[in-house]
Amino acid sequence: MRIGEAVKIRILNICEVRNLTINRLGTISGVTQSTINNIVNGRNNSATVSTIKKLCDGLDMTIIEFFDNEIFKSLEQEIR
């Protein structure tokens with residue numbers, strides 16, 4: 001799995017657990033709904049650390065907590 005896919009899955013999982021819509025996540029984090037939609041729909045496979053940090057701030061979690069998940073432990077090496 002590549003990092004963009006892992007970030008997408010992690011965001012969707014957090015939203016599901018916290019019963020949040022993408023719209024609500026955007027509101028509480030200050031990230032536009034279109035940006036979040038692009039990430040979770042696979043149109044943006046390289047979300048910036050800044051965007052992820054804003055999402056984490058809105059979710060009241062650290063960026064370390066966001067990435068401390070099994071999904072990130074077996075990522076493919078990405079060479080471009």
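- With S34 as the fixed residue, the side chain to side chain donor-acceptor pair (under 3.5 Å) test singles out one of N38, N37, T32: T32.
- Put simply, OG1 on T62 and NZ on K53 are 8.0 Å apart, with the number rounded to the nearest 0.5 Å.
- What you find for M1 and I9 is that their closest heavy atoms are CE-CD1, 3.9 Å.
- For the pair L59/E65, no side-chain contact is recorded, criterion being any heavy-atom separation below 4.5 Å from C-beta on.
- Here the closest heavy-atom approach between residue L20 and residue R24 is recorded as CD2-CG, 3.6 Å.
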* Asked: Stepwise, does the side chain to side chain contact (heavy atoms under 4.5 Å, CB included) test hold for I39 with V31?
  -> CA-CA 11 Å; I39 294 168; V31 176; 5.9 Å; no

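- F67 and F72 have perpendicular rings, their planes meeting at more than 60° on a 0 to 90° scale where under 30° would count as parallel.
- Atom CG of N41 has more than 12 neighbouring heavy atoms from other residues, nucleotides or ligands inside a 6.0 Å radius.
- Looking at L55 and I36, their side chains come closer than 4.5 Å, going by heavy atoms from C-beta outward.
- For the pair N13 and N69, the minimum side-chain heavy-atom distance is 4.5 Å or more.
- Here the CG atom belonging to D68 is positioned 12.5 Å from the CD1 atom belonging to I63, to the nearest 0.5 angstrom.
- In this structure, CD1 in I22 is found 5.5 Å from CG in L12, a value given to the nearest 0.5 Å.
- Here the straight-line distance linking atom NZ of K8 with atom CZ of R2 works out to 14.0 Å at 0.5 Å rounding.
- Scanning both residues, K54 and S29, for their nearest heavy atoms gives O-CB, 3.3 Å.
- Atoms CG and CD, on N23 and Q33 in that order, are 4.5 Å from each other to the nearest 0.5 Å.
- For T48 and S50, the side-chain atoms include no donor-acceptor pair closer than 3.5 Å.
- When the side chains of ILVMFWY residues are joined at heavy-atom separations under 4.5 Å, either directly or via intervening members, V49 and I52 end up in a single hydrophobic cluster.
- Counting all heavy atoms, side chain and backbone alike, C15 lies closest to L25 at SG-CD2, 3.7 Å.
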